[in-house]
Amino acid sequence: MKNHFENIDLLVQSIKEKIGKPVSTRVVMATIESLGIRDIDVPTDYGFESIKSLAEYIFKEINALPDYHDLKNTKELEDNQLNKTIQVSDYLHVKAKLFAKHYPLGILHLLPVFLQIAAIILFGYSLWTYIGFNEIQSTAVVLGVMLGLIITGGFVQVIGRQATFYWNYDDIQMVKTTVFYLIKKGTQILFIIIMILTFLNFILHLFPFLLLFVIFIYAFLIGLLLLVLAPLHTIKQRWVISVAILVGTTISVCLKEKSILLTYITHWIGIFSAIIIAMLFLVIYFKYKIGKKQNNTNIRFKTPILLYQNYKYFIYGMSVYLFIFIDRILAWTADSSGKLPLIIYFEKDYELGMDLAILVFLLMTGVLEYSIVSFSKFLDIGQKIISNSSIEKFNKQFLKMYWYNIMMLFMTFVLISILIYFIIYAPWGYRGQFNQILDSKSIIVCVIAGFGYFFLAWGMLNSLYMFTLGRPNKPVKGLVIACIINLAIGFILSRFVAYEYSVVGMLFSSIFFMLFTFRASKKFFRNLDYYYYAAY
C-alpha cells in the first residue's frame with residue numbers, strides 16, 4: 001500500500017510537469033498512457049483496477065490542490081522564466097546562452113565533413129576521394145558525387161520540412177511513414193534518371209560506358225547516403241551521421257591499405273556500410289519510439305497534398321546543389337586543348353580553390369544555426385510579452401536582431417578569411433601537409449569564391465527566416481534566377497577570358513541572391529506580426 005501511494009505521488013508530479021492543469025479525465029488518461037503505463041500494470045503498481053479509474057482519482061486530486069489554477073507544465077514554466085529574463089536583461093543574457101549552445105552545435109554538425117578532411121590529410125584517402133586518382137578517375141568520381149547530390153537535394157529538403165511538421169506534433173508514426181516514403185521515392189527517381197542518362201549516352205556516345213558505370217555507381221550511392229542521413233537531423237539524432245561516416249571511412253581506409261581491391265570498390269563498400277548503419281538505426285529507432293510513445297494526430301498521408309505543400313522546397317533543395325556546381329561544370333568544360341576525349345574534364349587547380357573557399361560557408365553554418373534558433377525562440381516569446389498596441393516595436397526588435405546576426409556573419413567571415421590565409425601561406429598549412437605550393441589560379445578562385453560563399457550564406461540566412469514562417473516564394477524565385485545568372489556569366493567568362501573566371505559567375509549570382517532575398521526580408525520584418533499569425 002505504501003508503494004501504491006508513493007507511485008501515485010510520483011505519477012501526479014509527472015502529469016503536472018507534462019500537462020500542467022488537466023482539463024478533463026480523458027487528458028489525464030492520455031497522459032498516463034503516453035508515459036508507457038498499461039492497464040495490466042495499474043492494479044499491481046497503483047492499486048486501481050484500470051487506467052480510467054486511476055485517471056479519475058488523479059484528476060480529482062489535482063483539482064483539489066490549493067494552487068490548481070496556477071499549475072503550469074515544464075515548458076510553460078521555462079517560458080515564464082525566460083520572459084522575466086528578457087524583460088530584465090534586454091535579451092543579452094539569453095542571446096549569449098543561445099549563441100554559446102547553438103554556434104558550436106552548428107559547427108559540430110559538420111563533424112562528418114571534418115572527418116573526411118582529416119582522412120585526406122592523414123591517409124590521402126576518404127570515403128569518396130583519393131589523391132592518387134588520375135584526371136579521368138577524378139572526373140568520374142566528382143561527376144558521380146555531383147549528380148547524386150543534385151538529384152536527391154530536393155527530397156532532402158522535403159524530408160526536413162514535412163517530417164519536422166509531424167515531429168512537432170509528436171506523431172512518430174507519420175514521421176516514419178513520411179521518411180521512408182520519401183527515401184523510397186528519392187531512390188526510385190535517382191535510379192530512373194540514371195537509366196535515362198544511360199539511354200541518352202547510348203545514342204550520343206558522350207562517355208565510355210565503363211566510365212559512365214563508375215559515375216552512376218557513385219551517384220547512386222552518394223544520393224542514397226544523403227537520403228538516409230537527412231531524417232537524422234529531423235529526429236535530433238545527428239550523432240549517427242558522424243558514426244556512420246566514421247565507420248564507413250574506416251572500412252574504406254582499411255580495405256585500401258590491407259586488400260588488393262580497386263579503390264572504387266573500397267569506396268563503394270565504405271559508402272554502402274554507412275548507408276546500412278543509418279538505415280538500421282532509423283528502423284530500430286522508429287520501432288522503439290512508436291512502441292514506447294505514440295501521439296497519433298489522425299492525419300492521413302496523402303501524396304498529392306505532400307507534393308502540393310512541398311514542391312517549392314523541393315525546387316529550392318535541388319537548386320542549392322545545382323547552384324554550387326554550375327561554375328565547376330563550366331570551368332571543367334572550358335578546356336579546348338583536347339587532353340581527353342571527354343566533354344568535361346576535372347581541373348585540379350580550380351577544385352582546390354573551391355574546396356578551400358567552401359570553408360567560408362561551412363564555418364558560418366554555426367551563425368546560421370544560432371540565428372534561426374534565436375529568431376524562433378524570441379518570436380514565440382515576443383508575441384507573448386508585447387501588446388497589440390506595440391506591433392511596430394515588435395517588428396523593429398526583430399529587424400534589430402536581424403542586423404545583429406548579419407554583423408556576426410560578417411565578423412565570422414573575417415576570422416575564417418584569416419584562417420584560410422594561413423592555410424594557404426603558413427608552413428603548417430597546405431604546403432606543409434601536401435609538400436607543394438598552391439597554384440596562383442587556385443588562390444584566385446579561392447578569393448573570389450570565398451566572397452561568393454559569404455553572400456550565398458547571407459542569402460540563405462534571409463531565406464531561412466522566411467522558411468520559418470512558410471514564405472518560400474521569394475527564396476525559391478531568387479535562387480532559380482541566381483542559377484541562370486551563374487550559368488550566363490560563368491559561361492561567357494570561362495569561354496572568352498579564362499576557365500578559372502567561371503567563379504565570377506558564382507560571385508555575382510550570390511550577390512544577386514543576397515540582394516533579392518534581402519529586399520524580401522525587409523518587407524518580411526516590417527510585417528513580421530502579420531506573417532507570424534498567418535503561419536499558424
Side-chain angles (χ1 to χ4, degrees), residues 1-88 94 163-177 235-236 285-301 376-388 532-533 535-536:
M1 183 66 70
K2 180 181 179 181
N3 289 337
H4 289 167
F5 286 130
E6 291 177 354
N7 291 343
I8 291 172
D9 287 341
L10 291 172
L11 182 58
V12 168
Q13 185 60 35
S14 297
I15 291 172
K16 289 195 295 183
E17 291 175 356
K18 194 172 182 63
I19 62 173
K21 181 170 56 179
V23 296
S24 70
T25 303
R26 288 187 177 184
V27 173
V28 178
M29 286 179 63
T31 307
I32 292 172
E33 290 172 348
S34 73
L35 294 170
I37 299 171
R38 304 170 299 174
D39 263 320
I40 195 173
D41 303 322
V42 173
T44 305
D45 296 341
Y46 300 97
F48 286 83
E49 60 182 14
S50 66
I51 289 179
K52 182 179 179 181
S53 58
L54 175 61
E56 290 172 349
Y57 173 79
I58 290 177
F59 181 70
K60 292 178 181 177
E61 287 292 306
I62 294 178
N63 271 269
L65 293 173
D67 59 346
Y68 170 75
H69 293 288
D70 298 323
L71 288 180
K72 290 181 174 59
N73 60 36
T74 303
K75 189 176 186 308
E76 290 172 330
L77 290 172
E78 290 175 355
D79 286 347
N80 281 350
Q81 184 59 42
L82 196 53
N83 292 349
K84 293 176 183 177
T85 305
I86 290 172
Q87 291 173 357
V88 172
V94 181
T164 299
F165 171 80
Y166 295 121
W167 177 265
N168 290 336
Y169 281 95
D170 284 335
D171 194 343
I172 309 301
Q173 180 60 54
M174 284 302 297
V175 175
K176 175 187 174 183
T177 302
I235 64 176
K236 316 299 183 186
Y285 177 85
F286 282 124
K287 183 178 180 180
Y288 170 77
K289 290 288 287 187
I290 291 172
K292 180 181 178 183
K293 174 188 175 182
Q294 168 60 14
N295 179 25
N296 197 330
T297 59
N298 294 317
I299 301 174
R300 299 184 64 184
F301 187 83
S376 300
K377 175 70 73 175
F378 290 124
L379 190 62
D380 184 51
I381 296 168
Q383 60 89 23
K384 294 178 181 178
I385 64 176
I386 294 179
S387 65
N388 292 334
Y532 178 76
Y533 287 105
Y536 296 101

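As a basis for the values below, the full set of heavy atoms in this structure was taken, side chains included, without hydrogen atoms, waters or symmetry mates. Every value quoted in this text rests on a predicted model; they were computed, and no experiment measured them.
- In this structure, Ile172 and Phe286 approach most closely via the heavy-atom pair CG2-CD2, 3.8 Å.
- Across all their heavy atoms, Ser50 and Ser53 have their closest contact at O-OG, 2.9 Å.
- Heavy-atom minimum distance, Pro43 versus Glu49: CG-O, 4.0 Å.
- In this view, Thr164 satisfies the side-chain hydrogen bond (donor to acceptor under 3.5 Å, both in side chains) rule with no residue, not counting sequence neighbours.
- Atom NZ of Lys236 is separated from atom CH2 of Trp167 by 7.5 Å, given to the nearest 0.5 angstrom.
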